[in-house]
There are 2 protein chains.
Amino acid sequence: MRWEDIDQQVCSVARTLAVVGDRWTLLILRDAFLGTHRFEDFRRQLGVSRHRLTERLNKLVDTGVLERVLYQQRPPRYEYRLTAKGLDLHGVVLMLGDWGNRWCSDESGAPVEYRHRTCGQLVRPMLSCSECGEPMAPTTVSPEVGPGLQQALACGVGMFAELGEGVELHEKLPPLLYKSLTRKPEAS
Amino acid sequence: MRWEDIDQQVCSVARTLAVVGDRWTLLILRDAFLGTHRFEDFRRQLGVSRHRLTERLNKLVDTGVLERVLYQQRPPRYEYRLTAKGLDLHGVVLMLGDWGNRWCSDESGAPVEYRHRTCGQLVRPMLSCSECGEPMAPTTVSPEVGPGLQQALACGVGMFAELGEGVELHEKLPPLLYKSLTRKPEAS
DNA sequence: ATTGTCGGTTTCAAAATGGAACTTATAAAT
DNA sequence: ATTTATAAGTTCCATTTTGAAACCGACAAT
């Protein structure tokens, strides 16, 4: 299977990576969140080739993550700004940075820190539950088959669309999702 | 600059992507969080070539994200389990999935949902502040130069180590970090 | 008239990737 | 005892992606 085809999987992680999972792309977005907007600045800061940068920026514009904004007439020049869709990746970038702060820092400490203007403190991002507000630790979260996958299953395919239809149900889903099905067999 | 060298940047996002930013790697971790642990299962579910999968799994073991656990003698077989370091990527994977749920779902809805066993509800992950518990919306978070970057700057290099030492300070940092420096010029 | 800047495009060699065939250790079936 | 099957790789090679460098076009500044 080619990487280009991962968006065929019925999985939101795969679909997200189909948009931002290419080399350099998440670093471009990091820089955008840190105030960089122009081609030449991205290029110098990332050390990426013009060729590659052009391609990545085009894809981000095509997918609606960035938009071109004219910043000068004669000659017309555009800069790249995060759209609402792009701004919504803030959490992804924060969590990537937080993991790096915790697991990849040397003795000198975290390269970048975050100040939460709501409270004025230097803080870390935590995952909390949209409903009860309590922390979402890995052990407290159970994935379940959602409506999107339900429908795919009704059509004979599973999360891994590339497998086709000629396989057992338990091959169409990863173990924890399969278990969630058999343990809560369609309340409907 | 080669992708392989991004870990030279004094940036936790870059360092994290140096570990998990290769093609397939975050999908391998997604599957691991969904209960997949064995080579043949990863391969079938992802459609990745054995060659590539071997390389990626080896790198994840080398970097301490996964560990090999013997699950059968004769012939000895190992499966791949998330370490504490790997489990700590849960937030990254959750946020990637949540963005995909919101921006890449078709009419049929989210492929996968999450139940928070703490409260029993189907929930979404939210980012909240470790200090005050309030939401960390993009507009309420200001990045600042942390001790790691401080030290790099003291050594003449900035976030973009590949630029070397012969550049102005404002070229060593992205705009928002540079501004954070000039606006809060070292309380020490 | 010349040089510089920004944002590209083109070209080409080197590196990464995907797919298929092959390997090794062992269990299971005939 | 021989054949078949399985899991987890390894090897090989054609195809794709990437990186570096050169080139280009519009204009401003000198």
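Note that the structure is predicted; figures quoted are calculated from it, not measured. Chain letters run A, B, ... following the sequence lines, proteins first, then strands; residues in each count from 1.
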For A:Arg23 and for A:Glu79, locate the closest nucleotide of DNA chain C by heavy-atom distance; then report the residue assigned to the nucleotide nearer the 5' terminus.
A:Glu79

Using a 4.5 Å cut-off between side-chain heavy atoms of Ile, Leu, Val, Met, Phe, Trp and Tyr, which other residues end up in the same hydrophobic cluster as A:Tyr78?
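Cluster partners of A:Tyr78: A:Leu70.
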
State which residues pass salt bridge (charged side-chain N to carboxylate O under 4.0 Å, His left out) with A:Asp5; sequence neighbours excluded, sorted by chain then number.
A:Arg2

Nearest-nucleotide wise, let me know which of B:Asn58 and A:Trp24 is further upstream toward the 5' end of DNA chain D.
B:Asn58

Hey, which sits more toward the 5' end of DNA chain D by its nearest nucleotide, B:Met1 or B:Leu57?
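Residue closer to the 5' terminus by nearest nucleotide: B:Leu57.
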
Going by the salt bridge (Lys or Arg N to Asp or Glu O under 4.0 Å) test, which pairs reach into [range], not counting sequence neighbours?
range: residues 51-66 of chain B; result: B:Asp22-B:Lys59, B:Arg52-B:Glu55
range: residues 135-155 of chain B; result: A:Arg115-B:Glu144, B:Glu144-B:Lys184
range: residues 32-51 of chain B; result: B:Arg38-B:Glu79, B:Glu40-B:Arg43, B:Glu40-B:Arg50, B:Asp41-B:Arg44

Review item, nucleotides 25-28 of chain C N/O atoms under 3.5 Å of protein N/O:
unit_1, atom_1, unit_2, atom_2, d
C:dT26, O3', B:Arg74, O, 3.3

Taking DNA chain C as the partner, which of residues 41-56 of chain A come within under 4.0 angstrom of it by heavy atom?
A:Arg50, A:His51, A:Thr54

Contact residues, residues 13-21 of chain B to DNA chain C [heavy atom, < 4.0 Å]:
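Nucleic-acid contacts, sorted: none.
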
Can you tell me if B:Ser49 and B:His51 form a side-chain donor-acceptor pair at under 3.5 Å?
no

Using distance alone, with no hydrogens and no angle criterion, decide if B:Glu134 and B:Ser128 have a side-chain donor and acceptor under 3.5 Å apart.
no

Run the side-chain contact (heavy atoms from CB on, under 4.5 Å) check on A:Val92 and A:Leu89 step by step: do they pass?
CA-CA 5 Å; A:Val92 169; A:Leu89 284 162; 4.0 Å; yes

Which nucleotide of DNA chain D is the first, and which the last, in the 5' to 3' direction, to come under 4.0 Å of a heavy atom belonging to chain B?
D:dA7 to D:dA20

Euclidean distance, atom OH of residue B:Tyr78 to atom P of C:dT24 [Å, nearest integer]:
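That distance rounds to 19 Å.
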
Under the ring-ring contact (aromatic ring centres under 6.0 Å, His included) test, which residues partner B:His90, sequence neighbours left out?
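Here the qualifying residues are B:Phe33.
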
Ignoring backbone atoms, establish whether B:Trp3 has a side-chain N or O less than 4.0 Å from OP1 or OP2 of C:dA15.
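For C:dA15, OP1/OP2 do not have a side-chain N/O of B:Trp3 under 4.0 Å.
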
Do any side-chain nitrogens or oxygens of A:Tyr80 fall under 4.0 Å of OP1 or OP2 in C:dG8?
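Yes, within the criterion.
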
Ignoring hydrogens and angles, write down the donor-acceptor pairs under 3.5 Å from the side chains of residues 151-172 of chain B, residues two or more places apart or on other chains.
unit_1, atom_1, unit_2, atom_2, d
B:Glu162, OE2, B:Gln9, NE2, 3.4
B:Lys172, NZ, B:Gly156, O, 2.8

If you define the side chain from C-beta out and look only at heavy atoms, does anything of A:Cys119 sit under 4.5 Å from A:Gln121?
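Contact flag for A:Cys119/A:Gln121 side chains = yes.
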
For the residue pair B:Leu94 and A:Leu127, what are the closest heavy atoms and their distance?
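Reported closest heavy-atom pair: CD1-CD1, 3.7 Å.
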
Residues 95-103 of chain A, side-chain donor-acceptor partners within the protein, below 3.5 Å, at least two apart:
unit_1, atom_1, unit_2, atom_2, d
A:Asp98, OD1, A:Arg124, NE, 3.2
A:Asp98, OD2, A:Arg102, NE, 3.2
A:Asp98, OD2, A:Arg102, NH2, 2.7
A:Asp98, OD2, A:Arg124, NH2, 3.4
A:Trp99, NE1, B:Lys85, O, 3.1
A:Asn101, OD1, B:Ser12, OG, 2.5
A:Asn101, ND2, A:Val112, O, 3.3
A:Arg102, NH1, B:Asp88, OD1, 3.2
A:Arg102, NH1, B:Asp88, OD2, 2.2
A:Trp103, NE1, B:Asp88, OD2, 2.7

